[in-house]
2 protein chains.
Amino acid sequence: MTTTMTTAKIRQILGKRGLKVTPQRAVIMEFMMGTKSHPTAEEIYEAVKDALPGLSKGTLYNVLNALVDANILSTVVLEPGAIRYDANVSNHHHFIDVDTGQIYDIPWDRVQNLFNAPGEGFCVADYQVTFYGVMAQNSPKRPKPEHP
Amino acid sequence: MTTTMTTAKIRQILGKRGLKVTPQRAVIMEFMMGTKSHPTAEEIYEAVKDALPGLSKGTLYNVLNALVDANILSTVVLEPGAIRYDANVSNHHHFIDVDTGQIYDIPWDRVQNLFNAPGEGFCVADYQVTFYGVMAQNSPKRPKPEHP
DNA sequence: TTGTATGCAAACGGTTTGCAATGCG
DNA sequence: CGCATTGCAAACCGTTTGCATACAA
């Protein structure tokens, strides 16, 4: 895990929401701000356990729920069985690569306005598109294999 | 639960897929074909337990998984914690009434073609839109209160 | 110092699995 | 008759909860 965000910045974000700064919160936030992979709680646990050897699952969920409540993280449910966490809290869509399992954020404005799509009687307040497909082999967005 | 489909029709659907006809499958199918409510396994269990007093949860999941595998039912995950089942197996979108919790199917062709929306490099094979909002009070689609 | 956050362990809810008994074709 | 399906109970997995201790403000 590489450090991508200063402790000061994290203190500021937490402080602004009236949340205390704990090592657990700082490390988990730093990891989440530095990834776009939409990890599950289990994956976050694996990622931070070197930096937080004593971390318990209970505390992990406690921290994640606090950050979600404070609107620092958002959640997505794309498959049954696990909640995924995302540091991108602005409105956006998702693309799931069915080959690699990678999940990509799709900017909100790439999809045309669909507020009226459902038709008469449906008062749409929000919507979200989930795309399924494969990322082009030559796309720079495609993750490189670990051992080429 | 009202009978909306003949036993013969159910036998035909199951037979075509090479599935044996059991009372459990017949009753569960009949209930699912007659509802648009996207019930969870628990809700299906409650709905059919009068007709199938001995039904076990294990068998319920066994039946539901068999019907999903045979493409007689489809699944949706709209919230964490529970899979919802739908007798509508054709491509469609969903509208969730955030007041009532009701889930409505939105026909596929009410949403314009979004295959190219994510942009360069994303080869979209499929997509699905989830709308959140409220159904107009005067809409005929809105469910009537149990005790007006 | 005070109240909130942590660690641990037990509980929880939805779903799956193993196995003997039943029943459909 | 033979194999698929059922019922039951235990196991599983992600998540929540309760409580005593530790710690940020």
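For the numbers below, each heavy atom of this structure counts, side chains included, while hydrogens, waters and symmetry mates do not. Letters A, B, ... are given to chains in the order of the sequence lines, protein chains preceding strands, and every chain is numbered from 1.
- For K20(A), whose side chain is taken as the heavy atoms from C-beta onward, the closest listed nucleotide among dG25(C), dA5(C), dT16(C) is dA5(C).
- In the hydrophobic cluster analysis, where Ile, Leu, Val, Met, Phe, Trp and Tyr join through side-chain heavy atoms closer than 4.5 angstrom, V124(B) is grouped together with W108(A).
- Between E43(B) atom CD and dT15(C) atom P the separation is 11 Å, expressed in whole Å.
- Residue R11(A) places at least one side-chain N or O closer than 4.0 Å to OP1 or OP2 of dA25(D).
- Atom CD in E79(B) sits roughly 16 Å away from atom C1' in dT15(D) (whole-Å rounding).
- Taking atom CG of residue L52(B) and atom P of nucleotide dT6(D), one finds them 10 Å apart after rounding to whole Å.
- Remark: aromatic rings of Y132(A) and Y127(B) are distant, center separation not under 6.0 Å.
- Following rounding to the nearest Å, K57(A) (NZ) and dT17(D) (C1') show an atom-to-atom distance of 16 Å.
- The CG-C1' distance, from L19(A) to dT6(C), rounds to 15 Å in whole Å.
- Counting non-hydrogen atoms under 4.0 angstrom, E42(A) reaches nothing in the nucleic acid.
- Of the candidate nucleotides dT15(D), dC24(C), dT6(C), dT6(C) has the atom lying nearest to any side-chain atom of T22(A).
- Applying the 4.0 Å criterion to OP1 and OP2 of dG7(C), one finds that Q24(A) has a side-chain N or O inside that range.
- In this structure, CD1 of I83(B) is placed 5 Å from P of dT15(C), rounded to the nearest angstrom.
- Contact annotation for A66(B): no contact, since no heavy-atom pair falls under 4.0 Å across all strands.
- Regarding contacts with the backbone of dT16(D), every side-chain N or O of Y61(A) stays at 4.0 angstrom or more from both OP1 and OP2.
- A cation-pi contact, defined as under 6.0 Å to the ring centre and within 45° of the axis, links K57(B) to Y45(B).
- Taking the centre of each ring, F122(B) and F131(A) stay at or above the 6.0 Å mark.
- The CZ-P distance, from R25(B) to dG25(C), rounds to 9 Å in whole Å.
- Comparing dG14(D), dG7(D), dG14(C) by their nearest atom to the side chain of A82(A) picks out dG14(D).
- As rounded to whole Å, 13 Å separates atom P of dG14(C) from atom CD1 of I44(B).
- Between dG14(C) and R84(B), no contact under 4.0 Å exists linking OP1 or OP2 to a side-chain N or O.
- Counting any heavy atom pair closer than 4.0 Å across all strands shown, T59(B) reaches a base atom.
- Looking at D105(A) and K36(A), their side chains never come closer than 4.5 Å, going by heavy atoms from C-beta outward.
- Across all strands shown, N62(A) has heavy atoms under 4.0 Å from base atoms, whether or not it also approaches the sugar-phosphate.
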